Amino acid sequence: MERSECATRCLAVDPGQPETAPVREAGAVLRRGGLVAFPTETVYGLGANALDAQAVANIFRAKGRPADNPLIVHMDSFAALGKYILEMPAVVSALAEKFWPGPLTLVLRGNRSFPPVVTGGLSTVAVRVPAHPVALALLREAGVPVAAPSANASGRPSPTTASHVLEDLAGRIDLVLDGGPAGLGLESTVLDLTGQCPVILRPGGITRPDLEAVLGPVELDPSVNGAPAGDRPRSPGMKYKHYAPRAPLVLFEGDSSGQVAAAIYAEAQRLEAGGKRVGILACSETAPLYRGFDVVVTGRCSDSGSIAASLYDSLRRFDRLDVDIILAEGVAPRGLGLAVMNRLRRAAGDRIVRI
Ligand code: TXA
Ligand code: MG
């Protein structure tokens with residue numbers, strides 16, 4: 001099915017039967033140097049042939065992405081990886097066996113097969129095998145490794161539906177494959193395997209305990225919990241503001257959800273009295289406490305998976321509500337909650353209130 005209102009062509013694909021004409025066409029677009037947005041099990045990606053420097057440069061142009069922020073290369077199998085890396089640490093096959101296809105990105109020493117525009121000139125390369133059937137079918141069809149950042153305009157919340165992609169990139173890319181909502185809702189875990197100890201550079205769907213069960217101790221890069229990344233962070237993406245809706249977002253963190261809610265309510269009343277239109281990001285358990293304000297519910301407090309799945313859509317909803325400021329509840333930074341808090345802290349920048 002083709003939707004004629006798309007300035008960029010938008011083709012629907014049934015994830016249950018992905019081997020269809022739209023995916024064949026998308027593979028051909030990638031092979032001839034075009035840009036294709038496609039669903040993954042985390043968020044939608046914006047793909048280009050990773051061996052084609054010009055095509056990859058067009059990703060940066062379409063997104064408005066800083067050139068020193070390297071891309072993840074997507075492959076259809078673990079077997080495809082050997083061709084592009086300098087050495088294969090023993091743990092890689094154990095991790096691949098357990099977590100691929102899936103939301104785990106590995107940073108490894110590259111053999112410089114990819115043009116510098118992919119790696120931001122680094123000697124390392126980030127790789128993953130995605131689990132979404134449409135992504136895998138597209139990678140097989142393209143027959144080349146595919147560099148793909150999230151398919152949003154740089155700095156905006158990542159897209160979890162084809163319409164989010166079109167909101168940001170219509171007219172700037174060749175094709176969107178619409179496979180319905182992405183699964184997890186947050187980007188993959190990025191794990192750096194190039195040092196003495198494995199380091200999580202970005203928390204995501206595969207949690208620290210999941211990784212430690214295979215690897216033993218795994219460190220968290222200080223930027224994960226919001227420490228300033230400095231000029232030369234290990235993950236270049238960490239130095240940029242991210243995931244932000246248009247209105248400024250203030251994050252309220254604390255151990256007691258009752259105290260957090262009381263602080264948000266008091267601040268919302270104060271701001272409203274000053275003439276501001278206030279949006280509140282809350283979970284379903286606490287939402288009734290904020291009657292009278294523009295509340296967007298992002299899942300259940302007791303289930304970080306439900307919050308992860310709707311977080312980015314919730315942030316985009318505030319743009320449509322046209323609020324002046326967003327007050328957001330934090331969640332417990334455990335399991336997937338660590339990834340949720342990492343994204344909320346980065347959306348907040350330095351506007352964090354600790355209760
Ligand atoms: O789930 C995901 O990972 C999605 C889907 C589309 O696969 N992709 C994604 O890509 O989130 P992007 O470009 O939005 O985020 C890639 C992150 C950035 O923080 C980047 O700095 C980091 O990975 N990265 C890429 N290559 C790296 C490298 N060689 N060393 C350290 N960090 C790297
Ligand atoms: Mg991104």
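In listed order, ligands and their atoms are each counted from 1. Values in this document were obtained by computation on a predicted structure and should not be read as measured data.
Nearest-residue assignment for atom 10 (O) of ligand 1 (options Pro149, Pro70, Gly120; heavy-atom criterion): Pro149.
Between Asp294 and Arg320 there is no salt bridge, since no side-chain N of the basic residue sits under 4.0 Å from a carboxylate O of the acidic one. No salt bridge links Arg32 with Asp174; every basic N to acidic carboxylate O contact stays at or beyond 4.0 Å. Note on Arg246 versus Asp319: salt bridge recorded, some NZ/NE/NH1/NH2 to OD/OE distance being below 4.0 Å.
Of all atoms in ligand 1, numbered sequentially from 1 with element shown, those under 4.0 Å from a heavy atom of Leu122 are 28 (C), 29 (N), 30 (N).
At a 4.0 Å heavy-atom cut-off, ligand 1 touches Thr124 through backbone and side chain alike. Only the side chain of Asn69 comes within 4.0 Å of ligand 1, counting heavy atoms alone; its backbone N, CA, C and O stay farther away.
Using a 4.0 Å cutoff on heavy atoms, Ala148 counts as a contact of ligand 1. The closest approach between any non-hydrogen atom of Thr119 and ligand 1 is not below 4.0 Å.
The Mg ion (ligand 2) has no N, O or S atom of Ser154 inside 2.8 Å of it.
For the residue pair Glu187/Ser150, the side-chain donor-acceptor check at 3.5 Å is not satisfied. Residues His164 and Asp313 bring a donor and an acceptor atom of their side chains to less than 3.5 Å of each other. Side-chain contact, Arg343 with Ser158: no donor N or O sits under 3.5 Å from an acceptor N or O. For the 3.5 Å distance criterion, the side chains of Thr207 and Arg334 fail to qualify, holding no donor opposite an acceptor.
The distance criterion of under 3.5 Å between nitrogen or oxygen atoms is not met by Tyr44 with respect to ligand 1. For ligand 1, one of its N or O atoms has an N or O atom of Arg65 under 3.5 Å away. The N/O atoms of Thr40, backbone and side chain alike, include none that comes under 3.5 Å of an N/O atom in ligand 1.
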